[in-house]
Amino acid sequence: MKRNSLLIYLVMPVLWALASCSDDKSDSNQGLIATDAQLVNLGSGYSFTEGPAVDKNGNVFFTDQPNDIIYKWDATSSAITPFLQGTGRANGMAFDKDGYLIACADMHGEVWKIAPNGSHEVLVDNYNGKLLNGPNDVWINPVTGGMYITDPIFPRGYWDEDDPRKTNNPNWPPTYSEQADEGKGGHVYYLAPGSKELVRVTTQSEWDADSWPNGVVGTPDGKKLYVNKWAGDNMGGTWVFDINADGSLSNMKKFTDIGGDGMSMDNRGNIYISNGFGVVVVDPNGKELVRIFTGGGATNNVFGGADEKTLFITGPVDKVNALKMNVTGVEKF
């Protein structure tokens, strides 16, 4: 079934291991997960869940991308109900400070701004007049309102038959991108508040664009941006950048060898990386702390609930799960 019946859940034990065994429970390596917490299944029967985004009330919106639906999980009742059918095949999402849902809509390589009533406008659909690969994830700087968007090429079966992203990539892995003379053309873009024109911010010589940039998250002070890359072995890597006043990025550094999919951050500055392992928690120094196993990996995660202590996990792909935490998230405006 695709939605829970209030508090009727399938409860799963959480298998997790700490990389450190410090006796100090206040240490950032310990005490992340609430005592006796269990992984709670909120809903199942989906095709591919993704894109969880938390609104100001702690409700979480997520996508079932192949079925082109955005759902809403209610933080008070725990009910899951459809919010929007026909989403441009929404993937990663985030709420802005005005309550609009920003969605990476890869059907036609667009970024949507969705109003509370479900209407939308297309913010961008190209870079330098060329079709984007397929916007995948978005993080909104809470200080400036600027958006950072990852754009990997993952050819989709539901794309139009004459779509060049599909016709020129008949086999896996893809070798064609409108954004590169050769290779995948995988980049991160910045959209300034009020702008209709993307700025490519991964222009560093050490950035390998023949890759799949995927998850993106930043610090609540708006000074650091983390970007990971997808790879089949979950080790595509994660990088950290300084965010400059004009939105550009500098001081690129390898943060961890672990990569994957969507990411979130807690109030201690720990990064939660979704991938085939589940959710891997890494501290601000790049040290792995915890692996949260879901029984089939995870595509994304976000902190939700009224107290911001519910880790909402999309994954395995046919499910949405939740885990009670001691820490809180930082992404709710």
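Computed from heavy atoms alone, side chains included, the values below leave out hydrogens, waters and symmetry copies. Fair warning: this is a prediction, and the values are worked out from it, not measured in the lab.
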Spell out, as yes or no, whether a donor-acceptor pair under 3.5 Å connects the side chain of Asn59 to the backbone of Asp55.
no

Say whether, by atom type as modelled, one donor and one acceptor occur between the side chain of Asp233 and the main chain of Met235 under 3.5 angstrom.
yes

Go through Ile313 and Leu39 one step at a time and tell me if the side-chain contact (heavy atoms from CB on, under 4.5 Å) criterion holds.
CA-CA 10 Å; Ile313 302 169; Leu39 193 67; 4.1 Å; yes

Minimum side-chain heavy-atom gap Ile102-Val111 below 4.5 Å:
yes

Single-linkage hydrophobic cluster, 4.5 Å side-chain cutoff, Tyr176 and Leu131 together
no

Check for a donor-acceptor pair, side chain of Asn234 on one end and backbone N or O of Gly276 on the other, with a separation under 3.5 Å.
yes

State whether Asp151 and Arg200 are salt-bridged, where the test is any N-O pair (Lys NZ or Arg NE/NH1/NH2 against Asp/Glu carboxylate O) under 4.0 Å.
no

Inspect the contact between Lys196 and Glu121 and indicate whether a charged nitrogen and a carboxylate oxygen are less than 4.0 angstrom apart.
yes

Take a 6.0 Å sphere around CD of Glu197 and say whether it holds more than 12 heavy atoms from other residues, nucleotides or ligands.
no

Less than 4.5 Å apart, any side-chain heavy atom of Met147 and any of Leu123?
yes

Just wondering, do Arg291 and Val281 contact through their side chains at under 4.5 Å, heavy atoms?
no

Distance col, row Ile153:CD1 vs Asp210:CG, nearest 0.5 angstrom, shows 12.0 Å

List the atom of Leu323, the atom of Ala37, and the distance in Å for their closest heavy-atom pair.
CD1-CB, 3.8 Å

Lys223 atom NZ: more than 12 heavy-atom contacts under 6.0 Å
no

Less than 4.5 Å apart, side chain to side chain, heavy atoms only: is that true for Val327 and Tyr272?
yes

Of the non-hydrogen atoms in Ile149 and Pro135, which two are nearest, and what is the gap between them?
CG2-CB, 3.9 Å

Any link between Ile273 and Met252 through a network of hydrophobic side chains (Ile, Leu, Val, Met, Phe, Trp, Tyr) touching at under 4.5 Å?
yes

Thr314 backbone acceptor or donor facing Thr49 side chain under 3.5 Å:
no

Intermediate values then yes/no, side-chain contact (heavy atoms from CB on, under 4.5 Å), Thr328 and Lys309:
CA-CA 5 Å; Thr328 62; Lys309 289 186 176 182; 3.6 Å; yes

NZ or CZ of Lys113 within 45° of Tyr100 ring axis and under 6.0 Å
yes

Can a donor-acceptor pair be found, under 3.5 Å and without considering hydrogens, that links the side chain of Asn244 to the backbone of Gly247?
no

Going by distance alone, is a donor N or O of one side chain under 3.5 Å from an acceptor N or O of the other, for Asn267 and Glu308?
no

Is the shortest distance from a Lys or Arg side-chain nitrogen in Asp221 or Lys224 to a carboxylate oxygen in the other one below 4.0 Å?
no

Would you name the heavy atoms of Ala298 and Gly278 that are closest together and state the gap between them?
CB-O, 3.4 Å

Under 3.5 Å donor-acceptor, Thr310 side chain and Phe312 backbone
no

Value rounded to 0.5 Å, distance of OG1 in Thr150 from CG in Asp137
5.0 Å

Do you know which two heavy atoms are closest between Gln65 and Arg89, and how far apart they sit?
NE2-O, 3.0 Å

Would you say Asn275 and Asp261 are linked by a side-chain donor-acceptor pair, where the criterion is simply a distance under 3.5 Å?
no

How long is the straight-line distance from CG of Asn57 back to OG1 of Thr76, given to the nearest 0.5 Å?
8.0 Å

Would you say that more than 12 heavy atoms from the other residues, nucleotides or ligands in this model lie under 6.0 Å from the CG of Asn117, or not?
yes

May I have the step-by-step check of side-chain hydrogen bond (donor to acceptor under 3.5 Å, both in side chains) for Asn270 and Asp283, ending in yes or no?
CA-CA 4 Å; Asn270 300 314; Asp283 78 8; over 6 Å; no

For a quick test of reading the model, state the closest non-hydrogen atom pair linking Phe154 to Asn214 and the distance between them.
CE1-ND2, 3.9 Å

Atom of Ser274, atom of Thr299 and distance for their closest heavy-atom approach
CB-C, 3.6 Å

Quick one, Thr87 and Gln85 - any side-chain contact, counting heavy atoms below 4.5 Å?
no

Side chain proximity check, Arg268 to Leu32, heavy atoms < 4.5 angstrom
yes

How far does CG of Leu249 sit from CG of Asp242, to the nearest 0.5 angstrom?
9.0 Å

Could you check whether the rings of Phe83 and Phe61 sit parallel, tilted or perpendicular, using 30° and 60° as the cut-offs?
perpendicular

Using atom types as modelled and distance alone, determine if a side-chain donor or acceptor of Thr202 lies under 3.5 Å from a backbone N or O of His187.
no

Considering only heavy atoms from C-beta outward, does the side chain of Glu161 approach that of Thr167 to under 4.5 Å?
no

Below 4.5 Å, heavy atoms only, C-beta onward: do Trp159 and Asp106 meet side chain to side chain?
yes

Separation of Lys130 NZ from Gln179 CD (nearest 0.5 Å)
7.0 Å

After noting the C-alpha distance and the side-chain angles of Leu101 and Ile70, does the key distance pass the side-chain contact (heavy atoms from CB on, under 4.5 Å) rule?
CA-CA 11 Å; Leu101 184 59; Ile70 295 175; 4.2 Å; yes

Tell me, with the steps shown, if Trp239 and Phe255 meet side-chain contact (heavy atoms from CB on, under 4.5 Å).
CA-CA 5 Å; Trp239 284 259; Phe255 175 66; 5.7 Å; no

Enclosure of Glu206 CD (heavy-atom neighbours >12, cutoff 6.0 Å):
yes

Identify whether Val217 and Phe277 are in the same connected component of the hydrophobic contact network (ILVMFWY, side-chain heavy atoms under 4.5 Å).
yes

Is it true that Val320 and Val317 fall in one hydrophobic cluster, defined by side-chain heavy atoms closer than 4.5 Å?
no

ILVMFWY cluster, Val122 and Phe95 together (side-chain gap under 4.5 Å):
yes

Donor-acceptor pair, Asn133 side chain versus Lys184 backbone, under 3.5 Å?
yes

Do Asp163 and Arg165 meet the salt-bridge criterion of a basic N to acidic O distance under 4.0 Å?
yes

Going by the angle between their ring planes, with limits at 30° and 60°, are Trp212 and Trp230 parallel, tilted or perpendicular?
perpendicular

For the residue pair Trp207 and Phe241, does the interplanar ring angle fall in the parallel (under 30°), tilted (30 to 60°) or perpendicular (over 60°) class?
tilted

Hey, is the main chain of Gly51 close enough, under 3.5 Å, to the side chain of Asn91 for a donor-acceptor pair?
no

Value rounded to 0.5 Å, distance of CG in Asn126 from CD in Glu178
10.5 Å

Short question: side chain of Thr238, backbone of Thr256 - any donor-acceptor pair under 3.5 Å?
no

